Amino acid sequence: MSAATRLRRLREDAEIIVLERSGYVSFANCGLPYYVGGVIERRSALLLQTPASLAARFRIDVRVQHEVTGIDAAAQRVTVTNLTTGTAYELEYDELVLSPGARPVRPPIPGIERALSLRDIEDTDAMYAAVGDSPRSAVIVGGGFIGVEVAENLVHRQIPTTIVEAMPQLMGPLDPEMAWILTEHLQAHGVTVRLGAQVTAIGADDVRLADGTTLPADLVVAAIGVKPDTALAVAAGAEIGPRGGIVVDDQLRTTVPHVWAVGDAVEKVDALDGENVLIPLANTANRQGRLVADLIAGRGGRSRRVRGTAIVGAFGMAAASTGWSEKRLVAAGRRHEAIAIHPGSHAGYYPGAQTLSIKLLFDPTTDEILGAQAVGLDGADKRIDVIATAMAGGLGASKLADLELSYSPQYGSAKDPVNMLGFIAENLVTGLTGNVQWHDVARRQQEGATVIDVRTVREFSAGAIPGAVNIPVDELRDCLDEVPDGPLIVHCAVGIRAHTAACILAAHGKPAANLSGGYRTWAAGQAATRAGAGTGGAGTGGAGTGGAAERVAAPA
């Protein structure tokens, strides 16, 4: 519909026909889970336009319940079936735009036909009716965007809900220690999460897992993911790419003359490596719809490369990301540096500040920002949007320090978290400090590194990295003779005190690497690792045990 309405604004004389096999057009598909959960109370609020309203304002001929069943590209003609009457007819076209979207993945699991999906209004009506029957339990297969959103909304309807995710973490675009923050939040609000679990069968009122567990499930939702709907493109003779989507050039042309394609069905080009990717997100789909209208009208333009900027919310917490994750960079062998911070969402002295967890990934040689993630109860969206904009503008990581961002204590800090990321990046690229990641600590210790914990004795006693030695930062200058020789890793709770400690140690000839994100990131990473390995459930507070007195080593 973005393409159709934009084209009408550009070409008043064009004949524009929209063929839609479902019963609805221009609906708010991102709002569907919230209608199921009762957050959006009126079904009509999801229906942005109707065939009648589109005809009245735009003179567009919108035909719902009309499915295109064949394309004769040589004759520039489509075959259409009216699903209401069962009759078929043909239409000629000058230009044909394919926008079939993506369809839910439905693996061949016994009983999968009982699982509901959530793609369109008809799916929503079916799920809404099922929820209205007061199911006593629900199982969601898949822990991505839709799975998390549906879980939240089923809990809103007082339905005990379990997410079963085959991967060792929820939310694949995030790194595990970031995803774990959201996982704990879901669990705290009553959602049961089973990670690394495979569904082998769906029964009449239960779901069976590969480990032999049987979960009660009056309601089953399949939220495993989506794949491009390419049947019409194949019928037209268009090329399908290596990712399974329709191949288009940078002007959204398929390999068939006069046939264009947009949205979730097409492969996009990744902004980082130039490879084809599938990014089924609304912003990109709508942008392509507008662009294809411009191109058909002769205005020109090029399709942008994508970074997959996205966000999901659950029970007040948001998890947002842009660009590549660290695990993806590692898999690709791409050199990178990671920064983790845990700042307040706004000035700490103003009431209501919430802790944010932010991770920035960049190339230490070129300063190029490669990706970022943010999780928290307030402010995650703002910071990721700023970083995504910086990436689009070609700003380096260290240049984030120079961004002039709005500040008032109820909205941010004089040193905004985005600025803080820039400060740390600058320190790293200039060699002022070193950096080590949570998942690398054990290996470094095995190679002879000593972990110096500069938190207070009380913090250390509440939980510490095994083998760490506690020397509070305020006492460090007086205790330098107690710092062992050899490689050092220094850390505090989130990294700020450790940076000061690292500077003190460097000034006295004892350079130390700072544990990025401090104990908080390390503990979240350990908990995520245990949960993904099937031991599940541990929070971040009990990740280690410390001594009761300062400068006592935690048990190895």
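If you're wondering where the values come from, they're calculated on a predicted model, not measured in any experiment.
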Report yes if the side chains of I163 and L170 come closer than 4.5 Å at any heavy-atom pair, otherwise no.
yes
Look at R302 together with D250 and state whether they make a salt bridge at an N to O cut-off of under 4.0 Å.
yes
Take a 6.0 Å sphere around CG of L281 and say whether it holds more than 12 heavy atoms from other residues, nucleotides or ligands.
yes
Below 4.0 angstrom, N of the basic side chain to O of the carboxylate: do R443 and D440 qualify?
yes
Are any side-chain N or O atoms of N435 and backbone N or O atoms of A338, one a donor and one an acceptor, separated by less than 3.5 Å?
yes
Contact check, side chains of I465 and D453, non-hydrogen atoms, under 4.5 Å:
no
Take the angle between the ring planes of F315 and H156 and call it parallel below 30°, perpendicular above 60°, tilted in between.
perpendicular
Any chance you could lay out the side-chain contact (heavy atoms from CB on, under 4.5 Å) test for L329 and S325, step after step, and finish with the verdict?
CA-CA 6 Å; L329 290 166; S325 63; over 6 Å; no
With heavy-atom distances below 4.5 Å as the criterion, would you say the side chains of P33 and L118 are in contact?
yes
Check G313 against Y34 and note the closest heavy-atom contact, atom names and distance.
O-OH, 4.1 Å
When you measure from the side chain of E267 to the backbone N and O of R243, does any donor-acceptor pair fall under 3.5 Å?
yes
With distance as the sole test, does Q251 use its side chain to make a donor-acceptor pair with the main-chain N or O of G301 at under 3.5 Å?
yes
List the atom of A524, the atom of W180, and the distance in Å for their closest heavy-atom pair.
O-CD1, 3.7 Å
What are the two closest non-hydrogen atoms of L278 and V266, and how far apart are they?
CD2-O, 4.0 Å
Residue pair L515 / V441, side-chain heavy-atom distance below 4.5 Å
yes
How close do V269 and V277 get, heavy atom to heavy atom, and via which atoms?
C-CG2, 4.3 Å
At their closest point, which heavy atom of S516 faces which heavy atom of Q437, and how far apart are they?
CB-NE2, 3.7 Å
Given side-chain contact (heavy atoms from CB on, under 4.5 Å), test S461 with R458 step by step and report yes or no.
CA-CA 5 Å; S461 299; R458 177 177 293 182; 5.8 Å; no
Could you check if a side-chain atom of R455 sits within less than 4.5 angstrom of a side-chain atom of H491, using non-hydrogen atoms only?
yes
If you measure from the Lys or Arg side-chain nitrogens to the Asp or Glu carboxylate oxygens, is any gap between R497 and E459 under 4.0 Å?
yes
Quick check on R334: does its CZ atom have over 12 non-hydrogen neighbours (other residues, nucleotides or ligands) under 6.0 Å away?
yes
Please walk me through it: do D363 and E337 pass side-chain contact (heavy atoms from CB on, under 4.5 Å)?
CA-CA 6 Å; D363 187 320; E337 190 68 75; over 6 Å; no
Hey, does I341 have a side-chain heavy atom less than 4.5 Å from the side chain of L421?
yes
So, the side chain of E165 versus the backbone of G143: is there a donor-acceptor pair under 3.5 Å, distance only?
yes
Kindly indicate, with the supporting measurements, whether the criterion side-chain contact (heavy atoms from CB on, under 4.5 Å) is fulfilled by H439 and E326.
CA-CA 11 Å; H439 49 73; E326 185 176 13; 3.1 Å; yes
Can you tell me if E447 has over 12 outside heavy atoms packed within less than 6.0 Å of its CD?
yes
Just by modelled atom types, is the Q354 backbone N or O under 3.5 Å from a matching donor or acceptor in the S345 side chain?
yes
So, do H499 and F423 have ring centers that fall under 6.0 Å from each other?
no
Taking all atoms of both residues into account, what is the closest heavy-atom pair of I489 and R444, and its distance?
CD1-CB, 3.7 Å
Has the side chain of S398 got a donor or acceptor atom that lies under 3.5 Å from a matching backbone atom of A425?
no
Just checking K415: does its NZ atom have more than 12 heavy atoms from other residues, nucleotides or ligands closer to it than 6.0 angstrom?
no
Are the side chain of N419 and the backbone N or O of L400 linked by a donor-acceptor pair below 3.5 Å?
yes
Under 3.5 Å: donor-acceptor pair, side chain of H185, backbone of I181
no
With a cut-off of 6.0 Å (strictly less than), are more than 12 heavy atoms of other residues, nucleotides or ligands near NZ of K399?
no
Are any of the side-chain nitrogens in D416 or R383 under 4.0 Å away from the carboxylate oxygens of its partner?
yes
Assess the residue pair T284 and R304 against the criterion (side chain to side chain donor-acceptor pair (under 3.5 Å)); give the C-alpha distance rounded to whole Å, side-chain angles, the decisive distance to 0.1 Å, and a yes or no.
CA-CA 9 Å; T284 296; R304 72 185 186 199; 3.2 Å; yes
Would you check if the side chain of T192 reaches a backbone N or O of T162 as a donor-acceptor pair within less than 3.5 Å?
no
Residues K359, D175: salt bridge by 4.0 Å N-O rule
yes
Does the pair K268/E275 count as a salt bridge with the N-to-O cut at 4.0 Å?
no
Check whether any side-chain N or O of T529 sits under 3.5 Å from a backbone N or O of G525 as a donor-acceptor pair, and report yes or no.
yes
Can you check whether M167 reaches L195 side chain to side chain, under 4.5 Å on heavy atoms?
no
Looking at R194 and D211, is there a salt bridge between them, counting it only when a charged N and a carboxylate O are closer than 4.0 Å?
yes
Anything under 30° is parallel, anything over 60° is perpendicular, the rest tilted; go ahead and classify H346 against Y350.
perpendicular
